[in-house]
Amino acid sequence: MIIKSSDFLKSASSIKGLPEGGLPEFAFIGRSNVGKSSLMNMLLARKGLVKTSKKPGKTVLLNFFSVNDSFLLVDLPGYGFASRARSEQELWRRLIEEYLVKRKVLTDIFLLIDSRHGIMKIDEQMMEFLDHYRLKYTIVYTKADKLNKNEIAVLRQKYKGCFIASAVTGAGREELLEHIALNLPSEGAVQ
Ligand SMILES: Nc1nc2c(ncn2[C@@H]2O[C@H](COP(=O)(O)OP(=O)(O)O)[C@@H](O)[C@H]2O)c(=O)[nH]1
Ligand SMILES: [Mg+2]
């Protein structure tokens with residue numbers, strides 16, 4: 001798939017604020033600092049479109065980016081930041097869970113895992129949640145540039161159909177874009 005256009009569409013802090021256009025959505029979720037924003041920018045070949053930072057955002061926002069006028073990428077706030085206030089964690093949980101469970105146009109969920117750390121307890125909890133609601137998700141290992149060939153081969157064996165990506169080298173970009181294209185409803189498909 002060729003990215004012809006990508007734009008920030010809107011942020012939502014509640015379910016009421018979600019976009020209404022009906023376009024299929026692909027959500028990105030993972031621990032804070034897993035490389036979510038960097039991966040999205042790499043896929044879109046837009047360096048600063050999705051904001052990257054080392055600190056967790058103060059507000060819990062879902063950020064929507066429209067691509068090729070045919071689908072949306074959704075940057076979900078990261079999980080696993082112990083420094084986050086309890087009330088904020090609760091807000092995160094309710095908003096994200098409601099979005100994931102109820103959003104009709106949600107087509108796939110990319111669950112990002114830092115290649116260096118592997119799947120951690122908090123990632124397992126997210127997988128259990130997704131499995132419980134029978135939500136389809138796709139594992140993407142990030143920061144693959146930090147691993148050697150053998151370590152990458154080991155990861156590949158762990159999850160069938162997982163992707164291994166690096167925002168630094170661009171590894172995994174073609175495969176991930178192809179995966180998105182294959183999952184688009186046919187009327188929205190781009191050549
Ligand atoms: N080496 C390497 N570092 C990365 C990669 N992706 C992100 N990072 C770094 O990891 C940190 C967190 O990245 P960010 O995209 O903001 O993560 P987010 O919190 O999940 O959105 C930043 O310092 C990035 O420069 C990658 O593919 N390789
Ligand atoms: Mg981010």
Side-chain angles (χ1 to χ4, degrees), residues 3 6-13 17 25-67 72-85 88-89 91-93 95-97 99-100 106 108-127 129-130 137-156 158-159 162-177 179-180:
I3 304 296
S6 58
D7 297 285
F8 172 71
L9 179 64
K10 71 180 299 190
S11 294
S13 58
E25 292 173 1
F26 296 83
F28 292 71
I29 195 160
R31 291 170 64 231
S32 297
N33 255 8
V34 70
K36 201 157 39 74
S37 305
S38 305
L39 177 70
M40 294 173 75
N41 284 326
M42 181 272 263
L43 291 176
L44 300 176
R46 292 280 303 270
K47 266 206 168 121
L49 185 65
V50 186
K51 299 279 174 287
T52 58
S53 92
K54 296 207 165 166
K55 289 182 188 156
K58 273 220 156 39
T59 41
V60 178
L61 288 178
L62 284 70
N63 295 310
F64 293 83
F65 300 86
S66 96
V67 187
L72 304 183
L73 298 188
V74 190
D75 187 10
L76 298 176
Y79 53 77
F81 238 101
S83 63
R84 217 175 235 165
E88 216 178 302
Q89 284 182 26
L91 195 72
W92 180 93
R93 204 184 56 77
L95 179 62
I96 302 307
E97 290 190 0
Y99 169 77
L100 293 174
L106 181 57
D108 199 9
I109 300 161
F110 292 112
L111 177 57
L112 273 52
I113 306 287
D114 191 321
S115 310
R116 298 168 304 175
H117 307 309
I119 292 166
M120 302 180 80
K121 189 154 186 86
I122 194 154
D123 301 315
E124 275 174 0
Q125 286 167 355
M126 179 51 73
M127 289 177 190
F129 169 82
L130 296 171
Y137 62 92
T138 301
I139 300 275
V140 182
Y141 285 100
T142 61
K143 311 189 187 182
D145 53 285
K146 298 282 189 188
L147 300 189
N148 64 36
K149 283 216 168 79
N150 287 339
E151 291 168 321
I152 288 177
V154 170
L155 284 188
R156 267 196 208 289
K158 253 191 173 158
Y159 277 93
C162 76
F163 292 90
I164 296 179
S166 164
V168 171
T169 65
R173 182 171 187 269
E174 290 305 317
E175 294 93 326
L176 279 161
L177 291 178
H179 174 85
I180 291 174

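Order of appearance sets the numbers: ligands from 1, and atoms from 1 within every ligand. Side chains are part of it too, since the values below use all heavy atoms of this structure and drop only hydrogens, waters and symmetry mates. Everything numeric here is computed off the predicted structure, so don't read it as measured data.
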Task: Element-labelled atoms of ligand 1 that are located less than 4.0 Å from some non-hydrogen atom of Ser166 - done: 27 (O)
Task: Between Asp123 and His117, a side-chain donor and acceptor under 3.5 Å - done: no
Open item on the list: Counting only nitrogen or oxygen atoms and a 3.5 angstrom limit, does Thr142 reach ligand 1?
Closed with: no
Open item on the list: With rounding to the nearest 0.5 angstrom, report the CG to CD1 distance, Leu73 to Ile180.
Closed with: 5.5 Å
- [ ] Using a strict 4.0 Å cut-off to heavy atoms of Asp145, name the atoms of ligand 1 that fall inside it.
- [x] 1 (N), 2 (C), 26 (C), 27 (O), 28 (N)
- [ ] Kindly assign one of parallel, tilted or perpendicular to the pair Phe64 and Tyr99, based on the angle between their ring planes and the thresholds 30° and 60°.
- [x] perpendicular
Open item on the list: Within 2.8 Å of the Mg ion (ligand 2), is there any N, O or S atom belonging to Ser32?
Closed with: no
Task: Leu39-ligand 1 polar pair, N/O distance under 3.5 Å - done: no
TODO: Compute the shortest N/O to N/O distance between Ser37 and ligand 1 and return yes if it is under 3.5 Å, no if not.
DONE: yes
Task: CA sep, side-chain torsions, deciding dist, call: Tyr141, Phe163, side chain to side chain contact (heavy atoms under 4.5 Å, CB included) - done: CA-CA 6 Å; Tyr141 285 100; Phe163 292 90; over 6 Å; no
- [ ] Kindly confirm or rule out an N or O of Gly35 lying under 3.5 angstrom from an N or O of ligand 1.
- [x] yes
- [ ] Using distance alone, determine whether Ala165 and ligand 1 share an N or O pair under 3.5 Å.
- [x] no
